[in-house]
2 protein chains.
Amino acid sequence: MDALKTSTRHGEICPLDTTLKVLDGKWKSIILCRLMNQELRYSELLKSLSGCTRRMLSLQLSQLEHDQIIQKEIDTSFTPIKTSYHLTELGKSLIPIIIGMDQWGEMYIETLS
Amino acid sequence: MDALKTSTRHGEICPLDTTLKVLDGKWKSIILCRLMNQELRYSELLKSLSGCTRRMLSLQLSQLEHDQIIQKEIDTSFTPIKTSYHLTELGKSLIPIIIGMDQWGEMYIETLS
DNA sequence: CGGGATCCCCCCAGATACTG
DNA sequence: CAGTATCTGGGGGGATCCCG
């Protein structure tokens, strides 16, 4: 697994870096937020991420899919093609982390203001 | 889930993004790991981060200090100058998050291997 | 509709040298 | 020892066009 290789410091594996790498990317965290309680289509995600280009959405989604955090489903029985994305079990296991970080961010913002 | 209501990208504050921004940076997470149980000097940090340049260490440290995650202490009573870095209370409050992400990374690596 | 391929620009990080 | 200043290139990401 390549994520494992890049997460070493002086030969040791650093799981924290693995996590940060999985979440790293301008749009990944918010994509996970969007998919937390529902599955969404490519165009729905795009609309909900103002400022995100199609190129970037494609890249982030393919990385998340490669990391087995989300899963793509393609419905070819109609044209135009419909695709939808949803969290895998691995992705769902990330939710408590996401919530924890969100709550820390809230506390942090309040503390500094 | 309600904690994530504010996680949008339409001009509103996104606490999760705030957290990810604070942690974002090639060396920040591992710097926090290093400072978790001890304070360290600049040169000690540099030695423990193989591959990190002095320039990058300086940048990451100044960002963490600006974000009030770590605190620098300068001892000018001797030459050469001695500086040391340690976590602030805000930085310490990040530890559970770090540990959570580290544990998730461990599980993730094991699951995929 | 849901992407991929290509071009191109700008910024980030490495290398190197200098300093209090 | 603990940084800063400057130069430079390589790559990430935007814009645009194309395709099944």
Side-chain angles (χ1 to χ4, degrees), chain A residues 2-3 5-10 17 20-32 34-35 38-67 69-87, chain B residues 9-10 14 17 20-31 34-35 38-67 69-87:
Chain A
D2 41 0
K5 284 184 213 159
T6 53
S7 299
T8 60
R9 303 273 195 257
H10 13 90
D17 274 358
L20 287 167
K21 191 167 180 242
V22 168
L23 292 178
D24 188 40
K26 209 169 167 185
W27 301 97
K28 284 185 188 172
S29 62
I30 195 164
I31 288 172
L32 296 186
R34 294 282 184 269
L35 296 179
Q38 58 193 324
E39 69 170 42
L40 286 173
R41 310 215 354 229
Y42 179 83
S43 53
E44 292 174 324
L45 277 167
L46 192 62
K47 269 191 298 183
S48 78
L49 304 170
S50 65
C52 184
T53 62
R54 274 182 298 152
R55 174 192 151 85
M56 277 313 293
L57 181 56
S58 294
L59 285 174
Q60 307 273 295
L61 286 173
S62 70
Q63 286 174 27
L64 285 171
E65 192 186 5
H66 172 264
D67 290 340
I69 305 301
I70 64 173
Q71 195 174 345
K72 173 169 33 173
E73 227 124 310
I74 309 182
D75 182 357
T76 54
S77 59
F78 300 94
T79 62
I81 291 167
K82 293 185 179 185
T83 64
S84 62
Y85 295 88
H86 60 90
L87 295 184
Chain B
R9 288 261 178 178
H10 299 91
C14 178
D17 274 359
L20 287 166
K21 190 162 180 250
V22 168
L23 292 177
D24 188 40
K26 207 170 167 183
W27 302 97
K28 283 186 189 173
S29 63
I30 195 165
I31 288 172
R34 295 283 184 267
L35 297 178
Q38 57 193 325
E39 69 169 42
L40 286 173
R41 307 204 8 216
Y42 180 83
S43 54
E44 294 174 322
L45 278 168
L46 193 61
K47 268 190 298 184
S48 79
L49 305 171
S50 65
C52 185
T53 61
R54 273 181 294 157
R55 173 193 153 83
M56 277 313 293
L57 181 56
S58 294
L59 286 174
Q60 307 273 294
L61 287 173
S62 68
Q63 285 174 29
L64 285 170
E65 192 186 6
H66 172 264
D67 290 340
I69 305 301
I70 65 174
Q71 195 174 342
K72 173 168 34 173
E73 227 125 310
I74 309 182
D75 182 357
T76 54
S77 61
F78 301 94
T79 63
I81 292 166
K82 293 184 179 185
T83 65
S84 63
Y85 295 87
H86 60 89
L87 295 185

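Residue numbers start from 1 in every chain, and the chains themselves are labelled A, B, ... in the order their sequence lines are given, proteins ahead of strands.
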Interatomic distance, [X] [atom1] vs [N] [atom2] [rounded to whole Å]:
X	N	atom1	atom2	value
B:Leu57	D:dT4	CG	C1'	13 Å
A:Tyr85	C:dG2	OH	C1'	7 Å
B:Glu44	D:dC1	CD	C1'	12 Å
B:Leu40	D:dG3	CG	P	13 Å
B:Gln63	D:dT4	CD	P	12 Å
B:Leu46	D:dC1	CG	P	10 Å
A:Glu65	C:dG2	CD	C1'	13 Å
A:Leu61	C:dG3	CG	P	7 Å

Students should find that the end-to-end axis angle of the helix from C:dC1-D:dG20 to C:dG20-D:dC1, with five pairs defining each axis and rounding to 10 degrees, is 50°

Atom pair CG/CD of B:Leu49 and B:Glu44 - distance to nearest 0.5 Å
11.5 Å

Nearest 0.5 Å, please: how far is CD1 in A:Ile31 from CG in A:Leu40?
10.5 Å

For A:Trp27, does its backbone N or O pair with a side-chain atom of A:Gln60 as donor and acceptor, under 3.5 Å?
yes

Tell me whether the OP1 or OP2 atom of C:dG2 has a side-chain N or O from A:Ser58 closer than 4.0 Å.
no

Reckon A:Lys72 has a side-chain N or O less than 4.0 Å from the OP1 or OP2 of C:dG3?
yes

Find out whether A:Leu64 and A:Lys28 are in side-chain contact, i.e. whether some heavy atom of one side chain is under 4.5 Å from a heavy atom of the other.
yes

For nucleotides 18-20 of chain C, tabulate all protein N/O to nucleotide N/O atom pairs closer than 3.5 Å, reporting atom names and distance.
none

Interface polar pairs with nucleotides 11-14 of chain D, N/O, under 3.5 angstrom:
unit_1	atom_1	unit_2	atom_2	d
D:dG13	N7	A:Arg55	NH2	2.6
D:dG14	OP2	A:Thr53	OG1	3.3
D:dG14	N7	A:Arg55	NE	3.2

